[in-house]
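To keep things clear, I will list the structure first and then write my remarks on it.
All chains are named by letter (A, B, ...) in the order of the sequence lines, taking the proteins before the strands, and each is independently numbered beginning at 1.
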2 protein chains.
Amino acid sequence: MQTEKQKTYTPINLAQKSALLTEHWQPRVIAELNDYQFKIAKIIGDFIWHDHPETDEAFIVLEGELRIDFRDGSVLIKPGEMFVVPRGVEHKPFAAAEVRMMMIEPRGTVNTGEAGGERTAQNDVWI
Amino acid sequence: MQTEKQKTYTPINLAQKSALLTEHWQPRVIAELNDYQFKIAKIIGDFIWHDHPETDEAFIVLEGELRIDFRDGSVLIKPGEMFVVPRGVEHKPFAAAEVRMMMIEPRGTVNTGEAGGERTAQNDVWI
C-alpha cells in the first residue's frame with residue numbers, strides 16, 4: 001500500500017527569533033504576508049522623530065515597555081499590547097530599558113521613514 | 001504662559017480584548033493597518049477545509065495550541081508563535097482544547113475563504 005509522507009511545518013517562535021538579535025535598532029524580518037513584513041527589533045533609549053507618509057505602522061511589544069511619543073502626547077505599550085501609528089503621524093519610539101518588539105508594515109518601509117539620516121537601518125534583512 | 005495639554009493614547013491589550021470574546025469561531029477586529037485587519041478569535045474543535053485564493057493569512061497564537069492541517073502535513077503553533085498560510089493553500093484549523101489567537105489579513109477576508117457555507121462568520125465586526 002502506498003502511503004504519502006506528511007510534512008511537519010515549523011512555526012515562527014517570536015522569543016527564539018528575538019534571542020538572535022545582536023544589535024539595537026536593527027529590525028530583522030521574520031515573516032512575510034503578501035507585500036507586508038513582520039519585523040522584530042530590540043531597542044533602548046531614544047530614537048528620532050519621523051513619520052511614514054505612505055503607511056500605518058503596527059507595533060506589538062514582546063518584552064519591556066515601549067513609549068511612543070507624538071507631537072500631542074504619547075502611548076505606553078507593554079508586553080501583550082499593540083498600537084498602530086497612523087500614516088503621516090510624527091512619532092518617536094523610546095525605551096527606558098530594553099524593549100523587544102515586533103513591527104508589521106509594508107515591505108520597503110524604512111525605520112526612519114521620511115527623516116532618513118544616520119539612524120537608518122539596512123532594510124529587508126532576515127533573521 | 002500657554003501650555004498645551006498632552007494626550008495619553010491607549011494601547012490595545014490582546015488579553016483584555018480576548019476576554020471579551022463570547023462565541024467560538026467568530027473573529028472580531030481589534031485594529032486596522034492600512035487595508036489590513038488584526039482579528040482575534042477563540043476556537044475549539046475542527047474547522048472546515050478552505051483556502052484564500054487572493055491572500056496569505058497570518059496566525060499568532062495567544063493561548064492554547066493551534067494545529068493547522070494542510071493536505072500534505074500540518075503545523076502546531078503554540079503561544080508566542082506565528083505562522084503564515086500562503087494564499088491558495090488549503091488548510092483546516094484544529095484546536096483539541098480552546099485556542100485564542102490573532103489573525104492578520106486584508107479587510108474583507110472571510111473566515112471560510114472560498115469554501116463558504118454554514119461556518120462562515122459575519123465579517124468586519126469589531127470588539
- request: Count the heavy-atom pairs under 4.5 Å between each of B:T10, B:V84, B:D72 and chain A, then report the option with the highest count.
  value: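 Most heavy-atom pairs under 4.5 Å with chain A: B:D72.
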Please classify the contact of [X] with chain B as side chain, backbone, both or neither, using a heavy-atom distance under 4.5 Å.
X: A:F59; result: neither
X: A:I68; result: neither
X: A:P86; result: neither
X: A:E32; result: backbone

How long is the span from the [atom1] atom in [X] to the [atom2] atom in [Y], to the nearest 0.5 Å?
X: B:Q6; Y: A:R71; atom1: CD; atom2: CZ; result: 10.5 Å
X: B:L76; Y: A:T8; atom1: CG; atom2: OG1; result: 9.5 Å
X: B:I77; Y: A:I12; atom1: CD1; atom2: CD1; result: 9.5 Å
X: B:R87; Y: A:L33; atom1: CZ; atom2: CG; result: 9.0 Å

field: Region of B:P79 in contact with chain A, defined by heavy-atom distances below 4.5 Å
entry: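 Looking at B:P79, nothing touches chain A.
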Grouping I, L, V, M, F, W and Y whenever their side-chain heavy atoms are under 4.5 Å apart, do [X] and [Y] come out in a common cluster?
X: A:I127; Y: A:I60; answer: yes
X: A:M103; Y: A:V89; answer: yes
X: B:W25; Y: B:I40; answer: no
X: B:L20; Y: B:L62; answer: yes
X: A:F70; Y: A:F47; answer: yes

- prompt: Is there a donor-acceptor contact under 3.5 Å from the side chain of A:N34 to the main chain of B:D56?
  reply: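 Side chain of A:N34 to backbone of B:D56, a donor-acceptor pair under 3.5 Å: yes, one is there.
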Looking at [options], which makes the most heavy-atom pairs under 4.5 Å with chain B?
options: A:K17, A:E81, A:Q16; answer: A:E81
options: A:E105, A:E57, A:K7, A:K78; answer: A:K7
options: A:S74, A:A31, A:A58; answer: A:S74

task: Describe, in one word, how the ring planes of B:Y9 and A:F83 are oriented to each other, choosing from parallel (under 30°), tilted (30 to 60°) and perpendicular (over 60°).
output: perpendicular
Close side-chain approach of B:L14 to A:M82, heavy-atom, < 4.5 Å: yes
query: Given side chains that start at C-beta, do those of B:F38 and A:I104 come closer than 4.5 Å, heavy atoms only?
result: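 B:F38 reaches A:I104 side chain to side chain.
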query: Who in residues 90-102 of chain A is close to chain B, using a strict under-4.5 Å heavy-atom cut-off?
result: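 Listed by number, the contacting residues are A:M102.
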- request: Assess whether atom CD of A:E54 is packed by more than 12 heavy atoms of other residues, nucleotides or ligands within 6.0 Å.
  value: no
